[in-house]
Amino acid sequence: MVSSDHIGPNETGRIRATVKTDGKKGRILKTVQVETNDPVRPLVVLKLRANVIDAFHEKPLQPDAIFRSPCRKCHLDRGRDQMGAALFRADCIMCHMRGKSAPSISSLKKLSRERLKEAIEEGVPDSMMPGFSWRVGGPLTEAQIRSLLKYIKGR
Amino acid sequence: MKVRLIGATVLMLLLAGAEVLHAQPLISFESESVDFGDVRQGEVLEHDFLFRNDGTGTLVIEKLTAS
């Protein structure tokens, strides 16, 4: 990270810093603390800033786009052949968690079984909630949807 | 005369010693912060912070901590 750790008078040096932006979003700040034998400034804090733009989640989005490439690799593929809790974590949690646009699982639990089933199978019109049933072009089988209802209501 | 010479030498040595004692490093960065502006998620950003030792003693980089 540093070109040399002993720098004579009038010599120059270089500290190379790298910042990874995987999974980051919005304004980010990274710091590098430099401790030296300089008696006046023994600590210098270097700052690196950036505004990370998440190319996949720029508006506007189609709700059923998550069923297709390039969205499905994060939003669906891990849920293939899964049931219940594992399926919810793979396919639903990214929208249905605290701080996200959709109601959290504890609010979903309060809904009737019929309402849950209808929303999961057919989606919610004019929202980002797509219909997940294979009958409307979604990825889930009847058995998978039943396992989700059981999981949500059982919590 | 001899005594004076020795005295002068001692004084010079003392001054030289004081000089060494007072040799201090002084770190000075070209810039201490950078803003990359808008970047795409997934990119790896890299920046070189350039600095110079503007003091009289050797500068030792003792520790770097990234967070």
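A, B, ... follow the sequence lines: proteins, then strands. Residue 1 opens every chain. Both backbone and side-chain heavy atoms feed into the values below; hydrogens, waters and symmetry mates do not. If you're wondering where the values come from, they're calculated on a predicted model, not measured in any experiment.
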Heavy-atom pairs under 4.5 Å with chain A, option from Ile61(B), Leu64(B), Val60(B) with the top count | Val60(B)

Measure Ser4(A) against the heavy atoms of chain B and call it side chain, backbone, both or neither at under 4.5 Å.
-> backbone

Applying a strict 4.5 Å limit to non-hydrogen atoms, the region of Val52(A) in contact with chain B is both

Lys30(A) versus chain B, the contacting section by heavy-atom distance below 4.5 Å = both

Is there a donor-acceptor pair closer than 3.5 Å between any side-chain N or O of Asp38(A) and the backbone N or O of Ile27(B)?
-> yes

Steps toward side-chain contact (heavy atoms from CB on, under 4.5 Å) verdict (Val44(A), Phe29(B)) | CA-CA 9 Å; Val44(A) 179; Phe29(B) 277 92; 3.8 Å; yes

Measure the spacing between CG of Asp22(A) and CD of Gln41(B) and express it to the nearest 0.5 Å.
-> 7.0 Å

Take Asn51(A) and Phe36(B), measure what side-chain contact (heavy atoms from CB on, under 4.5 Å) needs, and give me the verdict at the end.
-> CA-CA 7 Å; Asn51(A) 183 35; Phe36(B) 293 94; over 6 Å; no

Could you tell me whether the side chain of Asn53(B) and the main chain of Asn10(A) form a donor-acceptor pair under 3.5 Å?
-> no

Max heavy-atom pair count under 4.5 Å with chain A, selected residue of Leu50(B), Val39(B), Val44(B) | Val39(B)

Which heavy atom in Ser33(B) sits nearest to a heavy atom in Arg49(A), and how many Å separate them?
-> CB-NH1, 4.5 Å

Please check if the side chain of Asn37(A) supplies one atom and the backbone of Gly57(B) the other of a donor-acceptor pair under 3.5 Å.
-> no

Is there a side-chain contact between Thr65(B) and Glu35(A) (heavy atoms, below 4.5 Å)?
-> yes

Any Lys/Arg nitrogen of Arg41(A) or Glu32(B) sitting under 4.0 Å from an Asp/Glu carboxylate oxygen of the other?
-> yes

If you measure from CG on Leu48(A) to CZ on Phe49(B), what distance do you get to the nearest 0.5 Å?
-> 4.0 Å

Pairwise distance CD(Glu30(B)) to OG1(Thr12(A)) - rounded to 0.5 angstrom | 10.0 Å

May I ask you to decide if Gly42(B)'s main-chain N or O and Thr21(A)'s side chain share a donor-acceptor pair within less than 3.5 Å?
-> yes

Salt-bridged, Asp38(B) to Arg27(A), with N to O below 4.0 Å?
-> no

Members of residues 113-124 of chain A whose heavy atoms come closer than 4.5 Å to chain B | none

